[in-house]
Amino acid sequence: MLAGKHVLLIVSGGIAAFKALDLIRRLRERSVQVTPVLTRAAEEFVTPLSVSALAGTKVYRDLFDLTDEAEMGHIELSRAADLVVVAPATADLMAKMASGLANDLASTLLLATDKRVLIAPAMNVRMWEHPATQRNLTTLQGDGILTVGPNDGDMACGEFGPGRMSEPLEIVEAISAALGDGPLKGRRILVTSGPTHEPIDPVRYIANRSSGAQGTAIAEALVALGAEVQFITGPASAPMPRGAQIVKVNSAREMKDAVDAALPAEVAIFAAAVADWHVAGASDSKIKKDKDGLPTLQFAENPDILAGVSQMKKGRPKLVVGFAAETDDVIANATSKRQRKGCDWIVANDVSPETGIMGGAENDVTLIHGDGSEDWPRMSKTAVAQRLAARIAEALK
Ligand code: C5P
């Protein structure tokens, strides 16, 4: 329950500051006490009066105010809340946080607090992708700062891409999770993701085109609902999910060992594109081009990790979810795959090249379960992940 919790909300100066007003409203609807802090730049985008009216309390501003200090010093202010939220978090404020600067009220509070901090970054796509910002993000995550977003989309500056601040309700969800309060609170969930690399020799391997984007989105959606996520991934190009426990593997056999080690779990989601075969007797040294003409590769079957977990006699997760990437007869193939493997749900999708799904940002899935199938409309992989996470929370009730 969020009711009765206290959030210190720092609003920094970006166009997304207007969404902070809605965020305050959403939090107040949930009986959350909000103490707002505006940076000087934030006041260019929202007025202290509107923030104060919505929060139902005074606004702490960046001006050095002896009355404020006398009523509640900045150290006390930084510690009185259950959680510190920065929305929007500009590139500038992230940089200050990453380097420990404390030259205004917001950055001082962030350095002085002993509470968890959740940031909702918002900035132009180039600024977000700039190596400096990405470096700062890595530093902040390493410091245990929680993040929500940013999302992909049209930006106020006319560009498109990651950098849009998460929507207020997504931030509310992240706040719930940060306060250990989502519907999946305390649930241990295992997610496999990415491709596998099957070695031919120490420098060559067989791989597939999976980016791991759907797996990352699923892990993040589960974390957002409060789950403890074990994320076992092959060499994916997608970013690693924030807030999950990450185990990196290369081959299918390594993935199986990592899954075995991560069990038991209440739910297991197998989003990895696991190679069906590995090269039998992969060479320990680099195969030479000119040795004896063309090499012949012998294949051996990989363990079917999903089928193995689905058919566990003891300690089987309550809910096992597989994926079926098909290029034709999607529903029929996926339905028989569900039966063959013994999993509870299958998320089926058409990965024919013309769909642009493999490696793309969107997905078009059908959820197949014991009672039939549900055709979901085409949506972003993030939206598919959120819907799946919500369905899982529902199923575990
Ligand atoms: O049999 P197929 O590879 O199409 O099945 C796909 C589903 O099975 C996915 O959920 C995938 O993660 C899982 N799988 C697995 N281990 C394998 C092959 C597939 O866990 N060796």
Side-chain angles (χ1 to χ4, degrees), residues 189-199 205-219 222 229-236 238 241 244 247-263 265 267-280 282 299-312 316-317 319-352 355 357-359 363-369 373 381 384-385 388-389 391-392:
I189 303 188
L190 185 155
V191 178
T192 71
S193 184
T196 62
H197 283 183
E198 306 299 330
Y205 57 81
I206 295 172
N208 62 62
R209 294 185 197 282
S210 167
S211 64
Q214 187 63 80
T216 287
I218 290 169
L222 294 167
V229 176
Q230 301 288 311
F231 186 75
I232 299 168
T233 180
V247 181
K248 291 186 177 176
V249 298
N250 282 303
S251 67
R253 286 166 294 164
E254 285 171 20
M255 187 173 276
K256 181 191 182 315
D257 290 345
V259 166
D260 288 345
L263 288 170
V267 179
I269 302 170
F270 293 89
V274 185
D276 291 315
W277 319 283
H278 64 268
V279 177
F299 288 95
E301 216 171 313
N302 271 333
D304 190 321
I305 310 168
L306 168 63
V309 171
S310 299
Q311 293 162 28
M312 279 170 76
R316 179 191 191 275
L319 181 66
V320 180
V321 182
F323 274 69
E326 305 283 346
T327 51
D328 30 38
D329 287 334
V330 178
I331 309 286
N333 284 330
T335 304
S336 64
K337 186 167 291 178
R338 177 179 167 274
Q339 269 153 11
R340 203 168 55 245
K341 304 235 187 194
C343 56
D344 303 298
W345 297 353
I346 283 265
V347 181
N349 56 1
D350 185 346
V351 292
S352 311
T355 64
I357 283 173
M358 202 93 171
N363 209 345
D364 191 350
V365 312
T366 303
L367 181 68
I368 295 168
H369 41 62
S373 66
K381 287 183 177 172
V384 167
L388 187 65
R391 283 299 303 264
I392 290 169

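Indexing begins at 1, ligand by ligand and atom by atom, following the structure's order.
With sequence neighbours excluded, no residue satisfies ring pair (Phe, Tyr, Trp, His ring centres under 6.0 Å) with H278.
A distance of 6.0 Å separates CG in D350 from CD1 in I357, rounded to the nearest 0.5 Å. The CD1 atom of I368 sits 4.0 Å away from atom OG1 of T335, with the distance rounded to the nearest 0.5 Å. Rounding to the nearest 0.5 Å places CZ of R340 at 10.0 Å from CG of L306.
Near ligand 1, residues F270, A272, V274, D276, P303, D304, I305, L306, G322, F323, K337, K341 come within 4.0 angstrom through at least one heavy atom.
Between V247 and F231, the closest side-chain pair of non-hydrogen atoms is not below 4.5 Å. Counting only heavy atoms from C-beta outward, the side chains of H369 and D344 never approach each other to under 4.5 Å.
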